[in-house]
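What you see is a predicted model, and the numbers here were worked out from it, not measured in a lab.
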Amino acid sequence: MILQKILFADDSPCKEPLMFFRPYGDNGLALNTYFNAFSLCKWRQYTKLSNLRFIVRTVQKASVRARGMNAEEDIVLPLEAEETSCVDGSFSYTLDFSDSLDFKGLLYAVLESEGSEPVRITGGEWETSVSPEGEGDIKIAVGITTFKREKEVERNIRVLANCQAVDSVLVVDNARSLSDTMKRETASCGTASVNFYENRNVGGSGGFTRAMIEAFFSGVQPDFTHIILMDDDVVFSCDAVERTRSFLAILKDEYSDSALYGVMFNINDMKELYSAGGIWKGNALGLNMKNCHSRLDMTDASNVFESEADAGANYSSWWYACFPRSVIRPDNLPMPFFLHFDDIEYGVRNKSNGLIFLNGVAVWHPLFIQKNPLWIKYYEYRNTLILLTSGFSRKSKKDFFSSVMTLRHRYDCFIGPLLHYDYDAVEVLVLALEDFLLGPDSFMALDAEKKHRELSRFSRRQYVEEESLAGEIRCVCKGRVFCKPLALLLELISFCVPFRKQGLKYIEATGKRSDFPYLYDALYVFDTRATVNAGYVLKRDRNRTRNLYKRFAVAYRTLKKNYDGLSADWDRAKPVMTSLPFWKRYLNLC
């Protein structure tokens, strides 16, 4: 049984040579790379692996040596390579690692040509003779949610349909925009079946839940054992799914409920590992998370080993997430968050089942840049409030208001942006807080499509180059604030001072606290926090300031008064929101 093939740059979207092979000596190659090293510690911990061989084929005669890499050292293993001449004149070498399975780390091979020409590898694989009874019973469906990304989703469908490890591709079209022509052409473009489902635009959580329902509860699809949830705009190699299937085929029984996640690489710098899961902290509002093994250059051999370490991840995002059927039960579906934090909530809720990451199981994805539309903040804030007042991360009223809704939080999220004229950013968060206060019954009855259309008015900011405002910008004096309470008082007083209508128009600001006392005479602010040499222009509006502050103050007092009751309501509603009957009604499937 093949566990892992030698992967070449030609087989992958990534063309960085050091992700696959590393030069060794004058004419040799080392396979201590992200895609071609073998994670023995992972395979031994999670699978029934009891014997292991490495086979490599070369154009010319070569010396092949076994190596091992761990945190302390890189050592030569005392193994002899068995040489075989092939019919076409090439050579095959086999290393039997079966007596080295207690090694704690990564295994790899080093090859050197016995002639003057550089060694040329034509193929190879890591294999085992383990053949469990259930190996042939692994059936994988891949669920993709898409919204107006016709080109990207068609590309990924064609890759998956021709992957022998995939049994079916389930495409959930939230925009209902995929053409009949594309559907016909891709439905029979490979060995895997391809099925399309038009869905209400209820975001990523609704799309992925629809894929789960179609895979496991529709009664139409075959009996899949696993589903891989995948973003429509990722780039990946079929090898990732093949490694996933091999791993699942010999998984130990005690890990049968575990989720296998793919890591995310930066699509603009394809050697950079951006995230290998994350840690949800559950102690604040906003982006309350930390990526594991983030920003690692995976052409560095030491980082290849470092990425193997357990960093304590309690969730991972759904750019590539493989769940077993046993976890996706009628009473254990995702929360209807539309988007943002549905993957976090589901991952943390099921973290006791285990999270597994395996080298080579990876995708490339665009980074989440700062120029996201403002409406993203609505979902981020509303959904975080739900998480922090219900379920696994619920806090007492005292803890919530002492660690979350502090003066600093209110300043950073509401008061500061108000004084900075960033009214849209404040209104988005006020809306999220007001909708949260309506409670779970309102949330479950919400027309998510209509709500999202309403939020679309908070579109992308209109960025302008700093050079285009030359002569109009006056830089803020960066004075040292020696007393934070006094600084806040100065800001409030300065806001009440009438601005001059003639002369100065723009003040360049960075959003720091020390900026605001100097905005007293600015009708416009040029905000440069998000980018370098560019920003967006904000205009002062006293009426909108008063209105938003009043709305926030009322919502904040309501939250403080009704926190315990709201928390209890969200706790009671959560089993309903994550049930199959609710989702069928929500998606209009019944």
Heavy-atom pair with the smallest gap, counting every atom of [X] and [Y]:
X: Asn303; Y: Asp297; answer: ND2-O, 2.9 Å
X: Ser256; Y: Ser326; answer: O-OG, 4.1 Å
X: Gln4; Y: Phe38; answer: OE1-CD1, 3.8 Å
X: Phe323; Y: Leu229; answer: CE1-CD1, 3.9 Å
X: Cys413; Y: Leu429; answer: O-CD1, 3.5 Å
X: Arg200; Y: Ala448; answer: NH2-N, 4.0 Å

Short side-chain donor-acceptor distance under 3.5 Å, [Y] and [X]:
X: Tyr320; Y: His365; value: no
X: Thr186; Y: Glu154; value: no
X: Asn195; Y: Ser168; value: yes
X: Glu308; Y: Ser39; value: yes

Side chains of [X] and [Y]: does their closest heavy-atom pair fall under 4.5 Å?
X: Tyr46; Y: Leu251; result: yes
X: Phe337; Y: Leu387; result: yes
X: Ser205; Y: Met335; result: no
X: Lys5; Y: Asp11; result: no
X: Thr145; Y: Asn199; result: no

Do the charged groups of [X] and [Y] touch, with an N to O distance under 4.0 Å?
X: Glu185; Y: Arg158; answer: yes
X: Asp239; Y: Arg243; answer: yes
X: Asp310; Y: Lys42; answer: no
X: Arg245; Y: Asp167; answer: yes

Quick check: are there more than 12 heavy atoms from other residues, nucleotides or ligands sitting under 6.0 Å from [atom1] of [X]?
X: Lys15; atom1: NZ; value: yes
X: Lys584; atom1: NZ; value: no
X: Lys351; atom1: NZ; value: no

Below 30° counts as parallel, above 60° as perpendicular, anything between as tilted: where do the rings of [X] and [Y] land?
X: Tyr586; Y: Trp583; value: perpendicular
X: Phe414; Y: Phe552; value: parallel
X: Trp318; Y: Phe208; value: perpendicular

For [X] and [Y], indicate whether the former's side chain and the latter's backbone hold a donor-acceptor pair under 3.5 Å.
X: Trp319; Y: Val234; value: no
X: Asn359; Y: Tyr34; value: yes
X: Asn291; Y: Ser294; value: no
X: Ser307; Y: Val304; value: yes
X: Thr299; Y: Met19; value: no
X: Asn314; Y: Val348; value: no
X: Asn36; Y: Leu7; value: yes
X: Glu449; Y: Asn201; value: yes
X: Asn383; Y: Leu339; value: yes
X: Trp280; Y: Glu345; value: no

Step by step, work out the salt bridge (charged side-chain N to carboxylate O under 4.0 Å, His left out) result for Asp173 and Arg176. CA-CA 5 Å; Asp173 180 12; Arg176 303 180 287 277; over 6 Å; no
Spacing of OH belonging to Tyr346 relative to CD1 belonging to Ile344, to within rounding of 0.5 Å: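 Going from OH on Tyr346 over to CD1 on Ile344, the span is 15.5 Å.
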The test is salt bridge (charged side-chain N to carboxylate O under 4.0 Å, His left out); show your working for Arg155 and Glu152 and say whether it passes. CA-CA 5 Å; Arg155 174 197 65 208; Glu152 292 90 341; over 6 Å; no
May I have the list of side-chain donor-acceptor pairs in residues 431-446 shorter than 3.5 Å, sequence neighbours left out?
unit_1 : atom_1 : unit_2 : atom_2 : d
Glu434 : OE1    : Arg551 : NH2    : 2.9
Glu434 : OE2    : Arg551 : NE     : 3.1
Asp435 : OD2    : Tyr378 : OH     : 2.5
Asp435 : OD2    : Lys451 : NZ     : 2.7

side-chain hydrogen bond (donor to acceptor under 3.5 Å, both in side chains) between Glu150 and Ser177: does it pass, once the steps are laid out? CA-CA 8 Å; Glu150 291 81 359; Ser177 63; 2.7 Å; yes
Aromatic ring proximity, centroids under 6.0 angstrom, Tyr315 and Tyr261: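 No.
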How would you list all residue pairs meeting ring-ring contact (aromatic ring centres under 6.0 Å, His included) that involve residues 232-251, not counting sequence neighbours?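 For residues 232-251, and leaving out neighbouring residues, the ring-ring contact (aromatic ring centres under 6.0 Å, His included) pairs sorted by first residue read Trp43-Phe247.
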